[in-house]
Amino acid sequence: MRRAAVRTTVPLAVAAACVVALMAYRTTMPSGGPPADAAHRSPVPAHSPPPTAPARFVDVTDEAGIEFMHTCCVEGDYYLPEEEGSGGAFFDYDNDGDVDIYLVQSGLIGTDNADYRNRLYRNDGTGRFVDVSSASGADVPGYGMGCAAADYDNDGDADLFVTRLGPNVLLENNGDGTFSDATTRAGVGDEGFGTDSAFFDYDRDGLLDLYVVNYVDWSATREHRCYDPGGIPDYCSPSTYDSPAGDHLYRNLGDGRFENVTESAGIASARGNGLGVITVDFNGDGWVDIYVANDATPAFLWVNQQDGTFVDEALFAGAAFNSDGVAIAGMGVVAEDLDSDGDFDLLVTNIHDQAHLCLRNEGGSFEDVSHQWGFDGWGVPYTGFGVAMLDQDHDGTLEVFIANGAVNRLLEPLAKDNPYGEPNQFVRRDKDGKYRDQSASAGSALRVAEMSRGAILGDYDNDGDLDVLVTNNRGPAQLLRNENASDNAWTTVALTAGTGGASAINARIEIEAAGRTWRREVRPHVGYLGSNDPRVHIGLAEAKVIERLTVTWLGGTRETWTALPVNAHLRLGQGKAPDFRAHPGAVPDGTTP
């Protein structure tokens with residue numbers, strides 16, 4: 001993050017020379033970079049939607065029974081880790097068909113934080129949540145950052161991995177409503193400055209491996225004193241510390257243990273100020289790659305070499321910098337097929353005064369289309385962290401939700417009691433193919449200024465549309481119910497792979513209905529420090545039936561189902577007959593399907 005409070009350690013002339021050299025280097029990019037005619041094209045996303053009714057999100061935190069206040073910071077310390085957290089998850093830990101909520105707590109740096117613990121809220125199926133933190137054993141202390149939920153041991157229930165300042169922790173789901181700390185046995189207790197993480201199967205052996213992002217090599221003894229333009233103490237830029245951290249890759253051995261393969265896989269060859277991570281097969285070769293959003297250091301694009309190793313091809317693929325040759329303050333990251341060409345494009349959130357970065361994927365090479373698609377205007381006043389793409393009104397076109405929060409004290413605070421508070425944003429694509437801010441008409445919940453971090457998606461009331469869990473640094477968690485007023489059709493798809501019902505992360509879904517085609521991927525670990533509802537949600541516009549649904553399982557096997565119902569939660573297992581249920585929604589909000 002590029003902040004006002006910066007301690008200069010490099011002469012400006014040297015810094016300028018470095019930028020010129022980088023930009024000159026990119027002009028001689030090999031053939032793996034953006035197409036030669038990229039500068040002459042102005043791509044427009046496909047299927048620009050007709051005008052629709054305004055979106056509306058309603059804060060239902062209190063009535064849902066969520067009572068969580070994120071705590072961090074000692075007045076006057078301005079420790080770097082205090083800015084980053086925290087995150088959470090929508091996941092169904094008890095397999096009852098309703099997504100539950102997990103929230104990560106931080107606490108105070110330098111203490112055992114026994115009084116500051118993570119919270120688990122069980123969804124009771126009526127739109128309310130019950131705090132089961134203590135009874136579940138998931139209420140671990142420690143200075144937490146984010147989490148990822150997935151079934152790493154293939155026993156049919158979702159486990160939790162929590163990143164922290166200090167040792168990370170793996171919580172194994174016992175299948176009876178409780179969790180056990182499996183960190184030591186699993187060998188994943190890295191003691192760095194963990195931020196984001198993602199479960200994925202990089203070697204296609206049916207077992208979920210784990211990528212862990214670290215921010216900087218930090219300790220309280222290495223902290224600096226920085227000031228804002230008015231001479232008031234404030235947080236420093238990560239560049240002040242001059243110590244980017246290294247990420248970690250763990251290979252799942254299948255017996256409850258992981259092997260740290262960071263060195264042998266090639267991940268140790270680069271270091272960055274890592275904040276967000278996403279796993280996608282970007283080049284279409286059937287093997288999952290890794291993109292890491294780094295803060296003011298070049299992004300990573302770890303391309304899977306299919307032999308257990310990765311090579312960072314971000315520079316040659318046009319994904320390391322924006323089109324100006326700047327390593328942006330990359331934070332949250334999401335990937336979807338925004339131009340309907342069959343591959344997944346990237347959106348990365350950025351700090352204020354810089355545009356969010358939208359990279360169009362052309363078979364593994366990327367073009368910065370932030371300006372063409374409208375991402376360089378409305379985001380500039382704020383600092384974006386969490387990012388989510390959802391079809392809020394089921395018209396078949398994805399909208400964007402961004403969680404904002406400053407990293408330096410605002411000169412003109414938007415909230416009296418929070419000098420870092422900024423409003424979140426809802427962004428819709430217009431008929432010209434550009435994304436435009438529609439927050440003003442999306443409800444009062446988006447006019448609240450908080451130091452927001454996570455924007456986590458899940459259909460908590462099972463009414464067919466996606467709701468948003470917002471996590472706030474040193475503020476309350478917020479549950480925002482999506483009050484979709486359209487009559488458009490929808491579906492959610494839950495996948496299980498293999499005969500044992502393993503997680504199907506990175507399996508691809510293609511739906512054909514009403515003359516259109518939608519492509520999605522099972523990818524719960526997107527955004528920033530969070531884990532989304534693993535069910536894939538797709539708005540189907542005027543469709544009356546899903547004519548064809550094709551799943552490409554990891555490994556290349558394809559399976560097709562036909563004549564499936566709309567407005568239903570589908571459950572598809574590899575090699576099995578489809579199962580589905582229509583759910584009227586536990587909480588009436590005018591959108592009963």
Side-chain angles (χ1 to χ4, degrees), residues 1-6 70 72-73 78-87 106 145-146 195-196 213 215-216 226 228-229 232 234-240 273-276 293-297 299 322 324 326-334 346-358 370 375-388 400-415 417-427 435 437 439 446-456 468 470-475 478 527-530:
M1 287 163 283
R2 296 193 172 189
R3 308 173 175 84
V6 177
H70 178 257
C72 77
C73 318
Y78 296 101
Y79 287 154
L80 181 67
E82 295 174 349
E83 294 188 289
E84 313 310 332
S86 71
S106 296
M145 291 290 175
T195 51
D196 215 351
V213 178
Y215 191 43
V216 299
C226 295
D228 70 8
I232 300 174
D234 206 348
Y235 292 101
C236 297
S237 164
S239 59
T240 304
N273 303 324
L275 287 177
N294 289 321
D295 183 358
T297 53
N322 66 13
D324 294 324
V326 174
I328 71 164
M331 289 174 262
V333 57
V334 66
L346 283 165
L347 176 61
V348 187
T349 53
N350 200 355
I351 198 170
H352 65 87
D353 297 331
Q354 296 183 27
H356 298 311
L357 178 62
C358 188
S370 307
F375 288 99
D376 60 347
W378 43 265
V380 169
Y382 306 128
T383 292
F385 275 86
V387 57
V400 182
F401 189 103
I402 294 182
N404 295 314
V407 293
N408 286 115
R409 184 184 296 102
L410 299 175
L411 298 179
E412 297 181 3
L414 302 175
D417 58 347
N418 189 346
Y420 302 92
E422 294 179 332
N424 298 325
Q425 291 172 290
F426 177 77
V427 181
Y435 289 84
D437 189 357
S439 307
L446 271 72
R447 292 193 287 274
V448 177
E450 294 279 0
M451 197 175 176
S452 297
R453 292 297 181 255
I456 302 160
V468 185
V470 177
T471 58
N472 295 311
N473 187 302
R474 68 197 83 172
Q478 296 170 280
Y528 180 72
L529 303 186

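Annotation: side chain to side chain contact (heavy atoms under 4.5 Å, CB included) contacts of Leu529 (sequence neighbours excluded): Thr195, Asp196.
Shown here for Gly386 and Thr349, the closest heavy-atom pair between the two residues is O-CG2, 4.2 Å. The minimum heavy-atom distance between Ala403 and Ala455, with the atom names listed, is CB-CB, 4.2 Å. Between Asp376 and Val380 the shortest heavy-atom distance is O-CG2, 3.5 Å. Phe426 approaches Ser439 most closely through the heavy-atom pair N-OG, 2.8 Å. Contact detail for Leu80 and Val216: the closest heavy-atom pair is CD2-CG2, 3.6 Å. Nearest heavy atoms, Glu84 versus Leu275: OE1-CD2, 3.9 Å.
Note: Tyr235 OH to Cys73 SG = 4.0 Å, rounded to the nearest 0.5 Å. Here the OG1 atom belonging to Thr297 is positioned 4.0 Å from the CG atom belonging to Asn273, to the nearest 0.5 angstrom. Atom CG of Asn350 sits about 10.0 Å away from atom CD1 of Ile402, to the nearest 0.5 Å.
In this structure, the side chain of Asp324 does not engage the main chain of Val326 through any donor-acceptor pair within 3.5 Å. Between the side chain of Asn424 and the backbone N or O of Leu446 there is no donor-acceptor pair closer than 3.5 Å. At distances below 3.5 Å, at least one donor-acceptor pair connects side-chain atoms of Asn473 with backbone N or O atoms of Glu82.
The side-chain heavy atoms of Asn472 and His70, taken from C-beta on, include no pair separated by under 4.5 Å. The side-chain heavy atoms of Arg474 and Tyr420, taken from C-beta on, include a pair separated by under 4.5 Å. At a threshold of 4.5 Å between non-hydrogen side-chain atoms, the residues Glu422 and Pro381 do not count as touching. You'll find the side chain of Leu357 reaches within 4.5 Å of the side chain of Ser370, heavy atoms only. Put simply, the side chain of Tyr78 does not reach to within 4.5 Å of the side chain of Cys226, judged on heavy atoms. You'll find the side chain of Leu414 reaches within 4.5 Å of the side chain of Tyr382, heavy atoms only. Between Val407 and Phe385, the closest side-chain pair of non-hydrogen atoms falls below 4.5 Å. Residues Arg453 and Ser86 fail the side-chain proximity criterion, which asks for heavy atoms closer than 4.5 Å.
Applying the salt bridge (Lys or Arg N to Asp or Glu O under 4.0 Å) test to pairs two or more places apart or on separate chains, those with a residue in residues 401-412 are Asp228-Arg409, Asp234-Arg409.
Under the 30°/60° scheme for interplanar angles, the aromatic rings of His356 and Trp378 are found to be tilted.
For the residue pair Asn404/Thr383, the side-chain donor-acceptor check at 3.5 Å is not satisfied.
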